Asker: 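One structure follows; several queries about it will come next.
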Protein chains: 2
Amino acid sequence: MPYDPSAFPPFAVTVDLVVLTVRRHALCALAVRRGEPPFQGRWALPGGFVRADEDLAQAAARELAEETGLRAHDPSVPAQDNGAHLEQLATYGDPKRDPRMRVVSVAHLALAPDLPAPRAGGDASNARWAPVDELLQQGGYGRDGEPVAPLAFDHAQILSDGVERARSKIEYSSLATAFCPTEFTVGELRRVYEAVWGVALDPRNFHRKVTGTPGFLVPTGGTTTRQGGRPAQLFRAGGATLLNPPMLRPEV
Amino acid sequence: MPYDPSAFPPFAVTVDLVVLTVRRHALCALAVRRGEPPFQGRWALPGGFVRADEDLAQAAARELAEETGLRAHDPSVPAQDNGAHLEQLATYGDPKRDPRMRVVSVAHLALAPDLPAPRAGGDASNARWAPVDELLQQGGYGRDGEPVAPLAFDHAQILSDGVERARSKIEYSSLATAFCPTEFTVGELRRVYEAVWGVALDPRNFHRKVTGTPGFLVPTGGTTTRQGGRPAQLFRAGGATLLNPPMLRPEV
DNA sequence: ATCATAGTCGTCTGCCTGACGATAAACACT
DNA sequence: AGTGTTTATCGTCAGGCAGACGACTATGAT
């Protein structure tokens, strides 16, 4: 095909973000309320246009910072604090996914520790952490009794893909620690797995597995009783990124 | 951010293909020679612009058919013959990746059985299957003694990501069968794993593993001696897509 | 003091893998 | 026909790891 600038159609390119966190034992995603049509008033994933001089990862990191104040974890700086994990998820380009024009969206997945209230342009009522089950259920009523509308555009599909990616990725990587604060206990880490997978795990076997995997956890020396019960050792995430053998997700 | 058509820059969107196959015990990728600048005369991955009314997967399937004659496997039709596996790989959007203009490329990964000669616009000299090691090595000389130039654009990165995806995906899925003809032997399947991973596997343990995994292989009843030696049973790919427990890749 | 809660250490059993011996069935020679 | 070579296939054994679960420890709440 010879090069002809008129031979290709112009696209708008956006990044959309699936920002996941664990709050109150539930896997939650960041949702923002749309202020203008289409889908005005509906919840959607945060996102925005990629700028002319911007890489895709930069655009995703910028949007993440704008929506949450989080800085993305630079993979070259292992021991960075309070940064979210950010990775490209997939790209969605159905010709009809945006009724206005042809938009290709490069979705990214961010995993963040539990945060204070979100902010969207300073307006808290237009951004919230919602349990992913609630965001993904079609119709019906949420836990507060209000009717639930499906997410705008194809964002339910994107969110679903992001959740699936997170579920499988914590199996074979140490990424579950991205949901935890800098220092955390084995029990807190276990509750992350339980929230993301939606299952109950045996505390004894889990403890044996994570403390026995070299490089996964580094003890800080401190202890805490913030969960009640016997004081628990505090750990930081170790240098290992890949878990081998992986953490096994129970059947069904 | 209010909607303003002038607020976003226009992008060109392309699909690039990493088409992998196993030939003569080596993992090979399809490369095409560029006929015009930039990178004129250099090898590149096949690809092209996404059309105005086309989904990304459609565009990838169209390019795959144009370059190889392969039809992409429709995931909803399990027992389809001679179709290639096609999946989205990742999206590359560095502002400077194409010197002409801002191009975002949605790379796709295709796994195909060994094919006759490739064709690129009917001209065989402009398309070839090349061992991925050869395409990825920087400079130096290929096996035929000719100097090796790096792939055009960021295609070395894309190819490298595609190979890594294929290597990890055959661990926990039955995708290795996508490299095989419709009917194949356990030994042929083992040689696929050996070529993709670049390791030697124990034939006895491999045989035990694949024949013992329910749904992976279905015996057709026939046998063949095309590999020499004792006749081997022929199999077809079974319905299972996920391998649990996975096939373990040897260390190092 | 007693209870509830959470954390930590052990034990046992079964499954899976890696290492490897042994046999089987073809073909290519002599 | 016999011998060697090649590939396929079955078996055995030991070690590692996961699931199930018992036991004990150290807090705070009542």
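Below, chains carry the letters A, B, ... as their sequence lines are ordered, and counting in each starts from 1. Source: prediction; values computed, not measured.
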Asker: Report yes if a donor N or O on one partner sits less than 3.5 Å from an acceptor N or O on the other, where the partners are the side chain of B:R208 and the base of C:dG18; otherwise report no.
Answerer: yes
Asker: Mind checking whether A:E134 and A:C28 have side chains closer than 4.5 Å, heavy atoms only?
Answerer: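 Counting from C-beta outward, A:E134 and A:C28 never come under 4.5 Å.
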Asker: Just N and O in the side chain of B:R190: are any of them under 4.0 Å from OP1 or OP2 of D:dA8?
Answerer: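 Looking at the OP1 and OP2 atoms of D:dA8, one of them is under 4.0 Å from a side-chain N or O of B:R190.
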Asker: Using heavy-atom distances to pick each residue's nearest nucleotide on DNA chain C, tell me which of B:L248 and B:G228 is more 5'.
Answerer: B:L248
Asker: Starting from C1' on D:dA20, measure out to CD on A:E251 and report it in whole angstrom.
Answerer: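 Taking atom C1' of D:dA20 as the reference, CD of A:E251 is at 16 Å.
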Asker: Measure from CG on A:D202 to C1' on C:dT8 and round the result to the nearest Å.
Answerer: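 Whole-Å distance recorded here is 12 Å.
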Asker: On the nucleotide C:dG7, are OP1 or OP2 found under 4.0 Å from the side-chain N or O atoms that A:R191 carries?
Answerer: yes
Asker: In whole Å, I'd like the distance from the CG atom of A:N205 to the C1' atom of C:dG7.
Answerer: 14 Å
Asker: Whole angstrom is fine here: how far is it from CZ in A:F184 over to C1' in C:dA6?
Answerer: 17 Å
Asker: I need the CD-C1' distance between B:E188 and D:dT9, as an integer number of Å.
Answerer: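 Between C1' of D:dT9 and CD of B:E188: 16 Å.
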Asker: So, OP1 or OP2 of D:dA18: does either fall under 4.0 Å of a side-chain N or O from A:K209?
Answerer: yes
Asker: Hey, does A:F179 have a side-chain heavy atom less than 4.5 Å from the side chain of A:V196?
Answerer: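 Heavy-atom side-chain distance check passes, below 4.5 Å.
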Asker: How close or far is atom P of C:dT17 from atom CE of B:M247, stated in whole angstroms?
Answerer: 9 Å
Asker: Check whether any side-chain heavy atom of B:L45 lies under 4.5 Å from a side-chain heavy atom of B:E63, and answer yes or no.
Answerer: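 No - every pair of side-chain heavy atoms lies 4.5 Å or more apart.
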Asker: Hey, does A:V199 have a side-chain heavy atom less than 4.5 Å from the side chain of A:L201?
Answerer: yes
Asker: Between B:G229 and B:R249, just flag the one whose closest nucleotide in DNA chain C comes earlier from the 5' side.
Answerer: B:R249
Asker: Think A:R24 forms a cation-pi with A:W129, using NZ or CZ under 6.0 Å from the six-ring centre and within 45 degrees of its axis?
Answerer: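 A:R24 over A:W129 ring: no.
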Asker: Among D:dT9, C:dC16, C:dT11, find the nucleotide with the atom closest to the side chain of B:H207.
Answerer: D:dT9
Asker: Quick one: the side chain of B:R230 and the base of C:dA26, do they pair up donor-acceptor inside 3.5 Å?
Answerer: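 In this structure, the two groups form no donor-acceptor pair.
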Asker: Output the rounded distance in Å from CZ (A:R226) to C1' (D:dG28).
Answerer: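 Those two atoms, CZ and C1', are 17 Å apart.
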Asker: Between atom CG in A:N244 and atom C1' in D:dA18, what is the gap in whole Å?
Answerer: 15 Å
Asker: Measure from the side-chain heavy atoms of B:P231 and tell me the nearest of C:dA19, C:dA26, C:dA6.
Answerer: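 For B:P231, the side-chain atoms sit closest to C:dA26.
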Asker: Does the base of D:dG22 carry an N or O that pairs as donor and acceptor with the side chain of A:R204 under 3.5 Å?
Answerer: yes
